[in-house]
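Contents: one structure, followed by commentary.
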Amino acid sequence: MDVRRHPGPEHLLVLHEYYRQKFKHRGFDVIISADNTALEFLLRYHEDLFPQTPIVFCGVEGLEQYHLSDQPLFTGLMEVTEHVPTLALALKLHPKTKRAVCLIDYPPILEAARAGTSHLQKAFPQLEFVFIDAQGLTMTNLLERLKAFP
């Protein structure tokens with residue numbers, strides 16, 4: 001769906017029309033949806049594009065915001081990201097760590113990080129956090145930026 005590089009409802013309308021034309025004579029046994037945007041797209045267009053096709057979702061955060069009880073063809077797993085315990089384990093394994101470099105590709109999280117209000121900054125005040133806006137970076141650019149750190 002490529003919504004990271006093409007965000008916004010206009011892109012989803014284009015995808016809806018594209019999928020409607022592309023798959024109009026094709027059925028699927030199941031559709032696997034791999035993030036919030038894909039789930040939202042399918043909740044909106046499922047009946048039009050893929051009626052009676054079961055949907056299995058994964059990588060979805062905040063599952064409670066979706067009304068899935070009236071969607072019998074939808075099932076899946078919620079993504080639970082445990083940043084604080086993960087970083088605590090990393091610090092236990094590398095106790096001399098003074099800096100954490102965080103790659104962020106989601107603007108609201110990046111804004112919280114830059115404002116000093118991220119949950120990691122609050123949980124680990126002894127660390128210097130460096131936040132890199134990874135949105136739009138190529139792998140080459142990202143590796144160049146990371147090479148600058150010890």
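Values below: every heavy atom of this structure, side chains too, minus hydrogens, waters and symmetry copies. Here the structure is a predicted model, which means the values were calculated and not measured.
Between R20 and E17 there is a salt bridge, since a side-chain N of the basic residue sits under 4.0 Å from a carboxylate O of the acidic one.
The stretch residues 82-91 participates, sequence neighbours left out, in these side-chain hydrogen bond (donor to acceptor under 3.5 Å, both in side chains) pairs: H83-H119.
Scored by the side chain to side chain donor-acceptor pair (under 3.5 Å) test, H11 finds no partners at all (sequence neighbours excluded). Listed by chain and number, the residues in a side chain to side chain donor-acceptor pair (under 3.5 Å) with T138 are N141 (sequence neighbours excluded). Residues passing the side chain to side chain donor-acceptor pair (under 3.5 Å) test with R44: none are found, sequence neighbours excluded.
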Problem set entry | Worked verdict on F129 versus V101 for side chain to side chain contact (heavy atoms under 4.5 Å, CB included) | CA-CA 6 Å; F129 284 89; V101 178; over 6 Å; no
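Each of F131 and L137 belongs to its own hydrophobic cluster when Ile, Leu, Val, Met, Phe, Trp and Tyr are linked at side-chain heavy-atom distances under 4.5 angstrom. Taking hydrophobic clusters as Ile, Leu, Val, Met, Phe, Trp and Tyr residues chained together by side-chain heavy-atom distances below 4.5 Å, Y45 shares a cluster with M1. Put simply, L63 and V80 are part of the same group of oily side chains (I, L, V, M, F, W, Y) that touch within less than 4.5 Å, one to the next. Cluster membership for V130 and L143, using ILVMFWY side-chain heavy atoms within less than 4.5 angstrom, is shared. Hydrophobic cluster membership differs between L103 and F124, with clusters built from Ile, Leu, Val, Met, Phe, Trp and Tyr side chains linked at under 4.5 angstrom.
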List the atom pairs, with distances to 0.1 Å, where a side-chain N or O of residues 65-79 and a protein N or O form a donor-acceptor pair under 3.5 Å, not counting sequence neighbours.
residue : atom : partner : partner atom : Å
Q65     : NE2  : E61     : O            : 3.4
Q65     : NE2  : G62     : O            : 3.1
Y66     : OH   : N36     : ND2          : 3.0
Y66     : OH   : E40     : OE2          : 2.4
E79     : OE2  : T81     : OG1          : 3.2

Using a 3.5 Å cut-off and no angle test, enumerate the donor-acceptor pairs between side-chain atoms of residues 23-33 and protein atoms at least two apart in sequence or in another chain.
residue : atom : partner : partner atom : Å
K24     : NZ   : Q21     : OE1          : 3.3
S33     : OG   : L39     : N            : 3.2

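Residues I132 and I104 have side chains not in contact (no heavy-atom distance under 4.5 Å, counting atoms from C-beta outward). Within the 4.5 Å cutoff, the side chain of Y18 has no heavy atoms near those of the L13 side chain. Side chains of L127 and R99 form no contact here, defined as non-hydrogen atoms less than 4.5 Å apart. F41 has its side chain within reach of L49: a pair of non-hydrogen atoms, C-beta onward, lies under 4.5 Å apart. T97 is not listed as a side-chain neighbour of K92, based on a closest heavy-atom distance of 4.5 Å or more.
Here the NZ-CG distance, from K96 to L91, works out to 14.0 Å after rounding to the nearest 0.5 Å. Atom CG of residue L42 and atom OH of residue Y19 lie 9.0 Å apart, to the nearest 0.5 angstrom.
The backbone N or O of T53 sits less than 3.5 Å from a side-chain atom of H46, completing a donor-acceptor pair.
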